[in-house]
Amino acid sequence: MREDNRPPTPDQGADRDTDRDTDRVAGALAAVGNWMFSTASRRRIMADSGLGLSLGDYTLLAQISMNGPVRLSVLAEVMEVDKSTLTPPAKRLEAQDLIERSPDPTDGRAQLVKVTRTGRLAIRKLWKARAKAVAELMTGWDGQDVGHLADSLESLADEIKKREH
């Protein structure tokens with residue numbers, strides 16, 4: 001009942017259901033994000049990928065893959081870390097031919113990092129291991145349910161991408 005003791009109109013009831021569902025989505029996304037970015041999940045994905053990277057190296061490689069070519073200082077802002085913490089893992093990734101540096105065409109004093117061909121192959125292994133971990137969570141799910149979830153999450157991701165720019 002509303003404050004004036006009248007029952008809610010059908011539209012107000014629908015708004016309340018939408019609010020409740022939105023809260024459910026937000027809560028579920030928080031749980032998924034916590035799982036996806038937990039140390040245990042990232043370690044498992046790393047182990048399953050067979051790459052032998054440290055968690056820091058894995059994280060930086062993934063960020064360069066998603067944002068590159070990019071300056072390390074920009075990635076430091078994105079990752080909310082000090083740039084100096086990215087230099088050692090960047091050097092390790094470069095030594096393994098997973099990333100490469102090149103001069104920034106807009107500022108010759110700066111350098112950009114990007115994933116190499118070898119790095120792209122490594123990223124594919126990481127994403128395959130990640131997909132395997134997610135698939136295990138959905139063992140026993142109906143194929144249609146997995147498809148509906150994929151469609152819904154892709155729509156949400158598309159909306160997020162639109163608003164980022």
Side-chain angles (χ1 to χ4, degrees), residues 8-42 44-46 48-49 51 53 55-83 85-86 89-90 93 98-107 110-138 141-165:
T9 65
D11 284 348
Q12 290 167 326
D15 288 346
R16 216 172 311 154
D17 288 345
T18 299
D19 289 346
R20 208 172 296 122
D21 287 344
T22 301
D23 286 346
R24 290 175 52 216
V25 169
L29 287 173
V32 169
N34 287 339
W35 173 82
M36 184 68 81
F37 295 105
S38 72
T39 301
S41 292
R42 291 185 306 143
R44 179 165 176 231
I45 290 166
M46 277 307 311
D48 287 351
S49 75
L51 293 173
L53 296 175
L55 287 181
D57 293 0
Y58 158 52
T59 302
L60 182 57
L61 180 61
Q63 287 295 322
I64 294 170
S65 173
M66 291 184 293
N67 296 291
V70 64
R71 291 182 187 188
L72 284 180
S73 58
V74 171
L75 278 184
E77 289 177 28
V78 168
M79 298 170 70
E80 297 181 350
V81 298
D82 188 85
K83 181 186 174 220
T85 65
L86 298 183
L93 293 172
L98 297 173
I99 66 168
E100 64 186 7
R101 298 173 193 259
S102 60
D104 184 337
T106 64
D107 180 353
Q111 291 195 330
L112 300 175
V113 290
K114 69 177 183 177
V115 176
T116 62
R117 182 178 185 283
T118 303
R120 287 190 298 278
L121 294 172
I123 288 293
R124 280 192 208 117
K125 288 180 181 180
L126 287 168
W127 289 179
K128 186 175 181 178
R130 181 181 63 183
K132 177 184 170 197
V134 170
E136 288 174 6
L137 291 173
M138 296 185 295
W141 282 37
D142 177 83
Q144 260 189 326
D145 289 341
V146 174
H148 289 305
L149 178 60
D151 291 342
S152 296
L153 288 174
E154 283 178 348
S155 293
L156 181 60
D158 289 344
E159 203 56 44
I160 290 168
K161 289 173 189 171
K162 283 183 206 171
R163 294 170 190 234
E164 285 179 342
H165 301 290

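This chain uses plain numbering: 1 for the first residue, then up along the sequence.
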- Salt bridge flag under 4.0 Å for residues Arg24 and Asp21: yes
- May I ask you to say whether Asp19 pairs ionically with Arg16, meaning some side-chain N is under 4.0 Å from a carboxylate O? no
Quick check: closest heavy atoms across [X] and [Y], and the distance to 0.1 Å?
X: Leu121; Y: Arg124; result: CD2-NH1, 3.0 Å
X: Thr59; Y: Met79; result: CG2-CE, 3.6 Å
X: Trp141; Y: Val146; result: CB-CG2, 3.8 Å
X: Asp57; Y: Pro89; result: OD1-CB, 3.1 Å

Rounded distance [0.5 Å steps], [atom1] in [X] versus [atom2] in [Y]:
X: Thr18; Y: Asp23; atom1: OG1; atom2: CG; answer: 11.0 Å
X: Asp48; Y: Lys132; atom1: CG; atom2: NZ; answer: 4.0 Å
X: Asn67; Y: Leu112; atom1: CG; atom2: CG; answer: 12.0 Å
X: Arg42; Y: Trp35; atom1: CZ; atom2: CH2; answer: 12.5 Å
X: Asp107; Y: Arg71; atom1: CG; atom2: CZ; answer: 5.0 Å
X: Thr116; Y: Leu98; atom1: OG1; atom2: CG; answer: 5.5 Å

- Item | From CA spacing to verdict: side-chain contact (heavy atoms from CB on, under 4.5 Å), Leu126, Leu61 | CA-CA 10 Å; Leu126 287 168; Leu61 180 61; 4.3 Å; yes
- Sequence-distant partners of Arg130, side chain to side chain contact (heavy atoms under 4.5 Å, CB included), two or more places apart: Met36, Ile45, Trp127
- Return the set of residues passing side chain to side chain contact (heavy atoms under 4.5 Å, CB included) with Lys83 (not counting sequence neighbours), or none when no residue passes. Leu72, Ser73, Ala76
- Answer yes or no: does atom CD of Glu136 have more than 12 heavy-atom neighbours from other residues, nucleotides or ligands under 6.0 Å? yes
- Note on the structure: Checking Val113, Val81, Leu93 against Leu86 for side-chain contact (heavy atoms from CB on, under 4.5 Å), the one that qualifies is Val81
- Under 3.5 Å donor-acceptor, Ser41 side chain and Ser38 backbone: no
- Task: Taking Ser155 for its side chain and Asp151 for its backbone only, find out whether a donor-acceptor pair lies under 3.5 Å.
- Result: yes
- Query: Would you call Val78 and Val70 a side-chain contact if the rule is heavy atoms closer than 4.5 Å?
  - Reply: no
